[in-house]
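The structure under discussion appears below in the form of C-alpha cells.
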There are 2 protein chains.
Amino acid sequence: MENETTTPPAKPSARTKILEAALSVIRTKGYSATTVDDLCAAAGVTKGAFFHHFKSKDELGVAAANFWAEMTGALFAGAAYHQPSDPFARILAYLDFRIALLGGDVPEFTCLVGTMLQETYDAIPAIGAASYASIEGHADTLAKDFEAAIALYGSPGCPGAKSLALYSQAVLQGAFILAKGQGDAAIVRDSVSHLRRYLCLLFNKPEEIQL
Amino acid sequence: MENETTTPPAKPSARTKILEAALSVIRTKGYSATTVDDLCAAAGVTKGAFFHHFKSKDELGVAAANFWAEMTGALFAGAAYHQPSDPFARILAYLDFRIALLGGDVPEFTCLVGTMLQETYDAIPAIGAASYASIEGHADTLAKDFEAAIALYGSPGCPGAKSLALYSQAVLQGAFILAKGQGDAAIVRDSVSHLRRYLCLLFNKPEEIQL
DNA sequence: GACGACATACCAACTAGTCGGTATGTTATT
DNA sequence: AATAACATACCGACTAGTTGGTATGTCGTC
C-alpha cells in the first residue's frame, strides 16, 4: 500500500531485507567482521540474490550508509522536537529525543555510520565518505537550529552553528564508543547531560540546566 | 636502560616489534581487517615468530590494548601538564597537551583502543574489555585533577569528577571518528576547544575561555 | 645438549565473488 | 489475445584466493 523509497517496488524485496539486516549485523559485528554469508543468513536470502542487487560487499557498505541516512533522516525529520517555536528549546528537545532513542541493547542504539567510518576510512574510502556524509547531513539539520539560537541568544565570541552541530555529533559518537565498553547506555545519557549543560551555559539559559 | 614490561627482555625483540607494528597497522586498517600476515610484514618478522609470542590473533589484540595502555600511560605520566599547582590549570594544560599530540596523519593521532573497542566489544569481549580498561584507566588519572578542581571551584550541582573525566574521553573519541571522515585533525582541535569552554564555564573561569 | 627464539613450509577452513539455470513478469508485434 | 523476445529477481553449487593456525627445522646461547 504505502511506499516511498527511491525505487518503485513495493514488496519486502531481497534488497530491502539485506539492507535492513546490514544495519543490525554490522552494528553488532562491525563491517569487516561481517561476511556476505552473515548478511544473507540474517536477511533470509541467498548469495545469488545478494550479488544480484549489489556488485560487491563494499557496494553494499555504501548502500547501507545511504540507507541509514534515509532512515534516520526520516526519523528525525518526522520527530516532534521541531515543534517549539524557540530555537534553543528545539535544541534541548533534540537532546531529549536522542535520550529517548536509547532503548534496547547496545547494538540497537549505536550508530551504523560511526562504526563503519572508523573501520573503513582508510581502506574503503567510498564507505567512509558515505558514512561521513550521513553524519554531516544530520549535523546540518541541527545547525539550522543553532544558527537561529545564536541569533537570539549568542554572545560575542560564541562558536559557530556548524561547529556546535558537529561537536554535538562528536559527543554522541564518543559516548557510543564508551557505551560499548560499559555495556549500556548510561554514559550516553551522562554525556548528553554534559552537552546540555554546556549549551545552557553558552546561551545563558541557566534555568534550563538541570533535568 | 629502563624496561618495565611483563617479560624481562630488553632488545628490540620480535614481540615488541609486532606490538609496535600493531599500533600503527590496526589504527589504519582496523582490527578485523588487519591480518596476521600484515602484522608480520610490518614488523619484519615471520609468522613463526608471531605465533611463538602470541597464541592467537585475539591474544595479540589484548596484548596490543595493554601495550597501548602502558605506552600512553607513560607518555601522560611523564608529561609537563602536571606541573601547575592549580588543579584547574592542570586540566587546561592537559587539553593543550592533547592538542599538541595531534601531529601527523590521521592514523598517527587517533586512538587504538577506541578503534578496537568499537569493533570487538561484541565478538571478542576480551579485547573490548582490555580496550575499555585502557580508556578508563586514563580517565581515572584525569579524574584526580577534576576532584581537586571541584573542591576548589565547584559550585553546587557540579557533576562528579569521574563523570567529567569520562566525558572528556568521549569528546576526544568522538572527535577522532569525525577526523577520520574529514581527513585531518581540525575537528579534534575544535572539539577540545568546546570542551575547554565548557569546563571554564562550569568552574567559573571566564578569563581562561579563549585560546 | 637443552632450550628459547625465531624461520620455513604447509594446511584446513573460510571468504568474496562467479556462473549456469529457473521462474515470473513486461512489452511489442501480429 | 496469443506469442515471441526480452528483462528482472532470485537460486545454490562452485572456485580461486586468503586467513588463522600448525608442524617441523635451524641457530645461538647458557
Side-chain angles (χ1 to χ4, degrees), chain A residues 3 5-22 25-26 28-65 67 116 119-120 122-127, chain B residues 3 5-22 25-26 28-65 67 116 119-120 122-128 130:
Chain A
N3 190 292
T5 42
T6 47
T7 42
K11 285 173 293 185
S13 67
R15 185 186 159 89
T16 306
K17 285 195 286 182
I18 292 167
L19 251 7
E20 268 158 8
V25 178
I26 295 176
T28 303
K29 310 182 64 169
Y31 176 79
S32 302
T34 296
T35 69
V36 173
D37 285 330
D38 285 341
L39 259 10
C40 293
V45 305
T46 62
K47 222 163 176 183
F50 183 97
F51 284 101
H52 173 72
H53 291 287
F54 306 101
K55 266 192 276 201
S56 66
K57 185 192 169 187
D58 287 356
E59 192 182 285
L60 173 273
V62 173
F67 185 66
M116 290 207 300
E119 279 186 83
T120 63
D122 184 87
I124 317 165
I127 298 180
Chain B
N3 190 294
T5 43
T6 46
T7 42
K11 285 173 293 183
S13 66
R15 184 186 160 89
T16 307
K17 286 195 285 182
I18 293 167
L19 252 6
E20 269 158 7
V25 178
I26 295 176
T28 303
K29 310 182 63 167
Y31 177 79
S32 301
T34 296
T35 70
V36 174
D37 286 329
D38 286 340
L39 260 9
C40 293
V45 305
T46 62
K47 226 166 174 180
F50 183 96
F51 285 101
H52 174 71
H53 290 288
F54 306 100
K55 265 191 276 199
S56 66
K57 183 191 170 187
D58 287 356
E59 192 183 285
L60 173 274
V62 173
F67 185 66
M116 291 206 301
E119 279 187 85
T120 63
D122 184 88
I124 317 165
I127 298 181

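Letters A, B, ... are given to chains in the order of the sequence lines, protein chains preceding strands, and every chain is numbered from 1.
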Kindly give the heavy-atom pair with the smallest separation between M116(A) and G61(A), and that separation in Å.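 In terms of heavy atoms, the two residues are closest at CE-O, 3.6 Å.
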Review point. So, for A21(A) and L39(A), which heavy atoms are closest and what is the spacing to 0.1 Å?
Key: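 Distance-wise, the nearest heavy atoms are CB-O, 4.1 Å.
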Checklist line | N/O donor-acceptor pair under 3.5 Å between E119(A) side chain and S32(A) backbone | finding: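 Yes, E119(A) side chain to S32(A) backbone: donor-acceptor pair under 3.5 Å.
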Open item on the list: Below 4.0 angstrom, which residues in residues 56-64 of chain A have at least one non-hydrogen atom near DNA chain C?
Closed with: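 Residues of residues 56-64 of chain A under 4.0 Å from DNA chain C: S56(A), K57(A).
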[atom2] on [Y] to [atom1] on [X], rounded to 0.5 Å:
X      : Y       : atom1 : atom2 : answer
T16(B) : F67(B)  : OG1   : CZ    : 6.0 Å
C40(A) : K47(A)  : SG    : NZ    : 7.0 Å
L60(B) : T34(B)  : CG    : OG1   : 9.5 Å
T35(A) : K29(A)  : OG1   : NZ    : 6.0 Å
I26(B) : I127(B) : CD1   : CD1   : 7.5 Å

Quick one, Y31(B) and D58(B) - any side-chain contact, counting heavy atoms below 4.5 Å?
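The answer is yes, as the side chains (C-beta and beyond) meet within the 4.5 Å cut-off.
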Worksheet item: Tell me, do L19(B) and F54(B) make a side-chain contact under 4.5 Å, heavy atoms counted?
Response: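 Of all side-chain heavy-atom pairs linking F54(B) with L19(B), at least one is under 4.5 Å.
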Listed pairs, N/O of protein and of nucleotides 27-30 of chain D, under 3.5 Å:
none

Under a 4.0 Å heavy-atom cut-off, which of residues 41-52 of chain A touch DNA chain D?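 T46(A), G48(A), A49(A), H52(A), in order of number.
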### Message
Give the residues of residues 30-39 of chain A touching DNA chain D, defined as any heavy atom closer than 4.0 Å, sorted by residue number.
### Response
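Those residues whose heavy atoms fall under 4.0 Å from DNA chain D, taken from residues 30-39 of chain A, amount to none.
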Tell me the interatomic distance from I18(B), atom CD1, to dA5(C), atom C1', rounded to whole angstroms.
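I18(B) atom CD1 is separated from dA5(C) atom C1' by 11 Å.
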- Task: Not counting sequence neighbours, which residues clear side-chain hydrogen bond (donor to acceptor under 3.5 Å, both in side chains) with T46(A)? List them please.
- Result: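 T46(A) satisfies side-chain hydrogen bond (donor to acceptor under 3.5 Å, both in side chains) with no other residue.
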Margin query: Under the rule for salt bridge (charged side-chain N to carboxylate O under 4.0 Å, His left out), what residues qualify as partners of K57(A), not counting sequence neighbours?
Written below: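 Salt bridge (charged side-chain N to carboxylate O under 4.0 Å, His left out) check on K57(A) returns nothing, list empty.
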